[in-house]
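When a residue number appears, it is its place in the shown sequence, counting from 1.
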Amino acid sequence: MGAPVVHFEVIGRDFEAMRRFYGELFDWELNPAGPADYAIVGPQDGQGIGGGVGGAGDRAYGVTFYAQVTDLATALGRAEELGGERAMEPTQVAEGTWAAQFRDPEGHLIGLVQS
């Protein structure tokens, strides 16, 4: 079975403006999460996937998705073998959950999650 998409992110320069925009546009309840300017939205009425809206800080801004994998190191290594480049080393983002990021051969930022 392939790696399912389990999370999305919209990262912008102005966190409050992004949170207000997406909250009002899609009627999302965005709840603060993490130590930085970041908010989480869950699936809506049991449909879709959850995601986050955040401020860029020192990170690149844009839109990305996260695929769930069984081993971050293996997935990052495979991405590199196929022409990708590591963008974020495995980092614990919640208890029992780790994330990493890479850029595909055209520079798109893609996330990986391991729980």
Any side-chain to backbone donor/acceptor pair from T91 onto E89? Under 3.5 Å, distance only. yes

If you count the non-hydrogen atoms of other residues, nucleotides and ligands that lie under 6.0 Å from CD in E106, is the total more than 12? no

Shortest non-hydrogen contact between L112 and A75, atoms and distance: CD1-CB, 3.7 Å

Find out if a path of hydrophobic residues (ILVMFWY) with successive side-chain heavy-atom gaps under 4.5 Å connects M88 to L82. no

Over 12 foreign heavy atoms within 6.0 Å of CZ, F65: no

Heavy atoms of R103 and A87 approach each other most closely as CG-CB, 4.2 Å

Could you see if V93 belongs to whatever hydrophobic cluster contains F8? Use Ile, Leu, Val, Met, Phe, Trp, Tyr and a side-chain cutoff under 4.5 Å. no

V10-L30 co-clustered via ILVMFWY side chain contacts under 4.5 Å: yes

Grouping I, L, V, M, F, W and Y whenever their side-chain heavy atoms are under 4.5 Å apart, do F21 and I40 come out in a common cluster? no

Testing the basics here: between G12 and M18, what is the closest heavy-atom pair and its distance to 0.1 Å? CA-CG, 3.9 Å

When hydrophobic residues are tied together by side-chain contacts of less than 4.5 Å, even through go-betweens, does V63 share a cluster with L109? no

Determine whether V53 and V41 make a side-chain contact, defined as any pair of heavy atoms from C-beta on separated by less than 4.5 Å. no

Closest non-hydrogen contact found for A67 with A3 is CB-CB, 4.0 Å

A side-chain contact here means heavy atoms from C-beta on lying under 4.5 Å apart; do E9 and Q101 qualify? yes

Would you say that Q44 contacts W28 through its side chain, given a criterion of any heavy-atom pair below 4.5 Å between the two side chains? yes

Looking only at heavy atoms, the pair that brings G52 and Y38 closest together is CA-OH, 3.4 Å

Between W98 and Y66, ring centroids under 6.0 Å: no

Before giving the answer on side chain to side chain contact (heavy atoms under 4.5 Å, CB included), spell out for R86 and E80 the whole-Å C-alpha distance, their side-chain angles and the decisive distance to 0.1 Å. CA-CA 7 Å; R86 287 178 194 235; E80 289 173 318; 3.0 Å; yes

Please name the pair of heavy atoms, one in V6 and one in Q68, separated by the smallest distance, quoted to 0.1 Å. CG1-OE1, 3.4 Å

Are P90 and L76 close enough that some pair of their side-chain heavy atoms sits under 4.5 Å apart? yes

Take V69 and T74, measure what side chain to side chain contact (heavy atoms under 4.5 Å, CB included) needs, and give me the verdict at the end. CA-CA 9 Å; V69 297; T74 299; over 6 Å; no

